[in-house]
Enquirer: 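Pasting a structure below so you can have a look.
Not measured: the values here are computed from a predicted model. Counting starts at 1 for both ligands and their atoms, following the listed order. Quick note: numbers below take in every heavy atom, side chains included, and nothing from hydrogens, waters or symmetry partners.
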Amino acid sequence: MYLIAPRPHFTYFPFSLGPRSCIGQVFSQMEAKVVMAKLLQIFEFQLTDGQSFDMVDSGTLQPKDGVMCRACGHEVPRIK
Ligand code: HEM
């Protein structure tokens, strides 16, 4: 089940809207989830000193401090 807050129309359109919107939207959102899931299975991420989750809104949302982080490997159980 997805818990997504309701969003007013025309306030979020990274893939544009209407008849010329991005045909790769569903593919790229699925791909991003697969890549994120694989990375989170393998690594634990920790922000380095001086980093934060603060955002800057300059047309698009960007991480204020760059989100430099340290990736540490998990123990990944091998499926035989
Ligand atoms: C994060 C990934 C992506 C973002 C943010 C994105 C964003 C966009 C946006 C904003 C447009 C509209 C451009 C305009 O109004 O002129 C667009 C169009 C388009 N995108 Fe993407 N896109 C992404 C990935 C993809 C992928 C993976 C494909 C192909 C497999 C793709 C194929 C297209 C095509 C063919 C159009 C033109 C559609 C048309 O003019 O009818 N995009 N994309």
Side-chain angles (χ1 to χ4, degrees):
M1 185 177 82
Y2 289 97
L3 294 175
I4 298 176
R7 196 163 41 215
H9 287 302
F10 289 85
T11 53
Y12 177 77
F13 43 92
F15 297 93
S16 190
L17 295 164
R20 300 305 299 268
S21 67
C22 180
I23 59 162
Q25 174 169 358
V26 174
F27 170 81
S28 44
Q29 288 178 325
M30 176 63 69
E31 185 182 46
K33 287 176 196 164
V34 170
V35 169
M36 188 58 75
K38 296 303 279 182
L39 288 173
L40 291 173
Q41 282 171 2
I42 298 168
F43 298 108
E44 186 176 309
F45 294 91
Q46 288 176 339
L47 290 179
T48 57
D49 292 343
Q51 299 291 299
S52 73
F53 292 110
D54 293 343
M55 292 285 181
V56 178
D57 184 353
S58 61
T60 59
L61 286 179
Q62 297 172 22
K64 182 168 163 271
D65 302 308
V67 202
M68 295 298 289
C69 57
R70 187 176 297 112
C72 308
H74 284 303
E75 276 293 314
V76 183
R78 287 246 166 237
I79 300 169
K80 292 180 183 166

Enquirer: Closer than 4.0 Å and a protein heavy atom, does any atom meet both conditions relative to atom 19 (C) of ligand 1?
Expert: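 Yes, at least one protein heavy atom sits under 4.0 Å from atom 19 (C) of ligand 1.
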Enquirer: Any idea which protein heavy atom is nearest atom 27 (C) of ligand 1, and the distance to it?
Expert: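 Protein heavy atom with the smallest distance to atom 27 (C) of ligand 1: F27 CD2, 3.7 Å.
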Enquirer: Under 4.5 Å between side-chain heavy atoms, hopping through other hydrophobics if needed: is there a path connecting F45 to F53?
Expert: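 Different clusters: F45 never reaches F53 through Ile, Leu, Val, Met, Phe, Trp or Tyr contacts under 4.5 Å.
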Enquirer: Starting from atom 14 (C) of ligand 1, locate the nearest protein heavy atom and write down its residue, its atom name and how far away it is, to 0.1 Å.
Expert: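 Nearest protein contact, heavy atoms only, for atom 14 (C) of ligand 1 is R20 O, 4.8 Å.
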Enquirer: Look at atom 2 (C) of ligand 1 and find which of S28, P19, A32, G18 reaches it with the closest heavy atom.
Expert: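 It is S28 whose heavy atom sits nearest to atom 2 (C) of ligand 1.
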Enquirer: Among protein heavy atoms, which sits nearest to atom 12 (C) of ligand 1, and what does the distance come to when rounded to 0.1 Å?
Expert: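 For atom 12 (C) of ligand 1, the nearest protein heavy atom is S16 CB, 3.7 Å.
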Enquirer: Tell me if the CE atom of M55 is crowded by more than 12 foreign heavy atoms within 6.0 Å.
Expert: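 Yes, CE of M55 has more than 12 neighbouring heavy atoms, counting only those of other groups under 6.0 Å.
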Enquirer: Give me the residue, atom name and distance of the protein heavy atom closest to atom 25 (C) of ligand 1.
Expert: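 The closest one turns out to be C22 SG, 3.6 Å.
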Enquirer: For the CD1 atom of I23 and the CZ atom of F15, what is their distance to the nearest 0.5 Å?
Expert: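 One finds 12.0 Å between CD1 of I23 and CZ of F15.
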Enquirer: Measure the distance from atom 34 (C) of ligand 1 to every protein heavy atom, then report the residue, atom name and distance (to 0.1 Å) of the closest one.
Expert: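 Looking only at protein heavy atoms, the one closest to atom 34 (C) of ligand 1 is I23 CG1, 3.7 Å.
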Enquirer: Can a non-hydrogen atom of S21 be found less than 4.0 Å from any atom of ligand 1?
Expert: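 Contact check S21 vs ligand 1: positive.
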Enquirer: Examine L40 and F43 and state if one hydrophobic cluster contains both, with Ile, Leu, Val, Met, Phe, Trp and Tyr joined whenever side-chain heavy atoms are less than 4.5 Å apart.
Expert: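 Result: yes, single cluster for both.
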Enquirer: Among all the protein's non-hydrogen atoms, which is closest to atom 30 (C) of ligand 1, and how far away is it?
Expert: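 That would be G24 CA, 4.4 Å.
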Enquirer: Please classify the F13 to ligand 1 contact at 4.0 Å (heavy-atom distances, strictly less than): side chain, backbone, both or neither.
Expert: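 It is neither part, as no heavy atom is under 4.0 Å.
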Enquirer: If every non-hydrogen atom of P63 is compared with every non-hydrogen atom of V67, which pair is closest and at what distance?
Expert: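 That would be CB-CG2, 3.0 Å.
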Enquirer: Let me confirm one number: the CD-CG distance from Q25 to L17, rounded to the nearest 0.5 Å.
Expert: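 Taking CD in Q25 and CG in L17, the distance rounds to 8.5 Å.
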Enquirer: Among all protein non-hydrogen atoms, which one is nearest to atom 6 (C) of ligand 1, and what is the separation to 0.1 Å?
Expert: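 The closest one turns out to be F15 CD2, 3.5 Å.
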Enquirer: Hey, is P14 touching ligand 1 through its side chain, its backbone, both or neither, going by heavy atoms under 4.0 Å?
Expert: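 Answer for P14: backbone.
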Enquirer: To the nearest 0.5 Å, what is the distance between CD (Q51) and NZ (K64)?
Expert: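 If we round to the nearest 0.5 Å, Q51:CD and K64:NZ are 10.0 Å apart.
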Enquirer: Determine, using the 4.5 Å side-chain heavy-atom cutoff (strictly less than), whether V34 and L39 are members of one ILVMFWY cluster.
Expert: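 Cluster IDs for V34 and L39 differ.
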